[in-house]
Amino acid sequence: MKLLLTSGGVTNPSIHAALVRLLGKPVAECRALVVPTAQWGHPMCGPTSVRGLVAAEPNFRHFSGLGWGSLGVLELTALPTIGTERWIPWVQEADVLLVDGGDATYLCHWMRESGLAELLPSLPDLVWVGVSAGSMVMTPRIGDYFVEWPGAPDDRTLGVVDFSIFPHLNLFPTNTPADAERWAAGLGNPAYAIDEQTAVQVVDGSVEVISEGQWTKFG
């Protein structure tokens, strides 16, 4: 699987060019599935924000509103009840999964419960574009700093990559470089702090930072 791990989506020409390279064709020719699941696990999200994502409203112009050839919804909490014979072909036929933010531990839980986490290694051409928690879920840990779901047993996530991600650098008063440095000190693995103009691309184990903004690597 090809990963484009962002904080705020495809926000500038550099990240957009990286996305098109990963897809191998224009965005307008690609089949996308939006995954809103992480939003349900975060207290700042809810029906209005999920609708905005799915409807590709202006606030989501850098993500679901990029002009995809087709745009569908893959809600992970529904998948265990409908059978793999239905939903696995949906994922296999997609060019890209657009995995939105929220709580990464909640998303991790439902990726495992649904079977999506198990399926992904069999889809080497699929592109995963994450925003915030949709990126963090691929890391080994997110740190207690970012756990908002009361049902989370700890801060561990999927560990597809070997580094952690601190998103929204300098976007909020609690996401300063000093906050990121304290967060990284407690992880025990490499980490990146990235702003809304930065993405971390991972292809075949090769990691590349794509940025028109600010970022820092720890460890």
Side-chain angles (χ1 to χ4, degrees), residues 1-7 9-10 19 22-24 30-42 45-46 49-51 53-54 56 60 63-64 66 68-142 146-149 151-165 167 199-205:
M1 198 173 42
K2 306 168 187 177
L3 307 179
L4 190 64
L5 307 178
T6 81
S7 176
V10 184
L19 173 62
L22 293 177
L23 293 168
C30 292
R31 295 161 295 185
L33 291 177
V34 169
V35 180
T37 306
Q39 288 207 34
W40 303 119
H42 197 287
C45 303
S49 57
V50 170
R51 181 195 180 281
L53 170 71
V54 172
F60 294 91
F63 198 44
S64 52
L66 286 170
W68 302 98
S70 67
L71 188 66
V73 179
L74 188 72
E75 175 47 65
L76 304 188
T77 61
L79 301 189
T81 64
I82 64 174
T84 55
E85 70 280 1
R86 287 196 65 198
W87 69 263
I88 285 181
W90 300 342
V91 179
Q92 291 172 331
E93 292 165 7
D95 296 298
V96 59
L97 295 184
L98 306 176
V99 188
D100 199 28
D103 187 278
T105 59
Y106 184 81
L107 177 59
C108 180
H109 171 81
W110 283 105
M111 284 185 66
R112 289 182 170 135
E113 287 291 309
S114 67
L116 180 62
E118 184 179 0
L119 175 67
L120 291 177
S122 69
L123 303 171
D125 295 325
L126 183 68
V127 178
W128 175 286
V129 182
V131 162
S132 192
S135 299
M136 298 164 76
V137 73
M138 290 298 182
T139 72
R141 296 182 61 191
I142 64 170
F146 289 110
V147 177
E148 296 284 354
W149 178 41
D154 50 46
D155 73 320
R156 288 178 294 178
T157 36
L158 294 176
V160 174
V161 299
D162 64 0
F163 56 84
S164 295
I165 292 175
V200 183
Q201 174 183 286
V202 185
V203 180
D204 295 330

Which value, rounded to the nearest 0.5 Å, describes the distance between [X] atom [atom1] and [Y] atom [atom2]?
X: L97; Y: L4; atom1: CG; atom2: CG; answer: 13.0 Å
X: S114; Y: I88; atom1: OG; atom2: CD1; answer: 9.5 Å
X: H109; Y: D103; atom1: NE2; atom2: CG; answer: 11.5 Å

Taking the side chain as every heavy atom from C-beta outward, state whether [X] and [Y] have any atom pair closer than 4.5 Å.
X: W68; Y: L98; value: yes
X: M1; Y: L123; value: no
X: R112; Y: L158; value: yes
X: F163; Y: L5; value: yes
X: D100; Y: Q39; value: yes
X: L74; Y: L79; value: yes
X: L120; Y: M111; value: yes

All pairs passing side chain to side chain donor-acceptor pair (under 3.5 Å) where residues 122-134 contributes a residue, at least two apart: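 Counting only pairs at least two positions apart or across chains, the side chain to side chain donor-acceptor pair (under 3.5 Å) contacts touching residues 122-134 are S132-H168.
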So side chain to side chain donor-acceptor pair (under 3.5 Å) across residues 77-90, not counting sequence neighbours, yields E75-T77
Strictly distance-based, threshold 3.5 Å: is any side-chain N or O of [X] a donor or acceptor partner for the main-chain N or O of [Y]?
X: W40; Y: L107; answer: no
X: T6; Y: G130; answer: yes
X: T37; Y: L76; answer: yes
X: S164; Y: R141; answer: yes

Check whether more than 12 heavy atoms from other residues, nucleotides or ligands sit under 6.0 Å from atom CG of D204, and answer yes or no.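 Counting other residues, nucleotides and ligands, CG of D204 stays at 12 neighbours or fewer.
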Heavy-atom count around Q92 CD within 6.0 Å, excluding the residue itself: above 12? yes
Quick one: list whatever passes salt bridge (Lys or Arg N to Asp or Glu O under 4.0 Å) with D95, sequence neighbours left out. K25, R31
Between V202 and V160, is a side chain to side chain contact (heavy atoms under 4.5 Å, CB included) present by the stated rule, with each step listed? CA-CA 10 Å; V202 185; V160 174; over 6 Å; no
If you take all heavy atoms of [X] and [Y], which pair is closest and at what distance?
X: L126; Y: V96; result: CD1-N, 3.8 Å
X: V203; Y: L22; result: CG2-CD2, 3.5 Å
X: S135; Y: T139; result: O-CG2, 4.0 Å
X: L53; Y: S64; result: O-OG, 2.7 Å
X: V137; Y: A104; result: CG2-O, 3.7 Å
X: A117; Y: P121; result: O-CD, 3.4 Å

Does the plane of the ring in Y106 sit parallel, tilted or perpendicular to the ring in W149? Use 30° and 60° as the thresholds. perpendicular
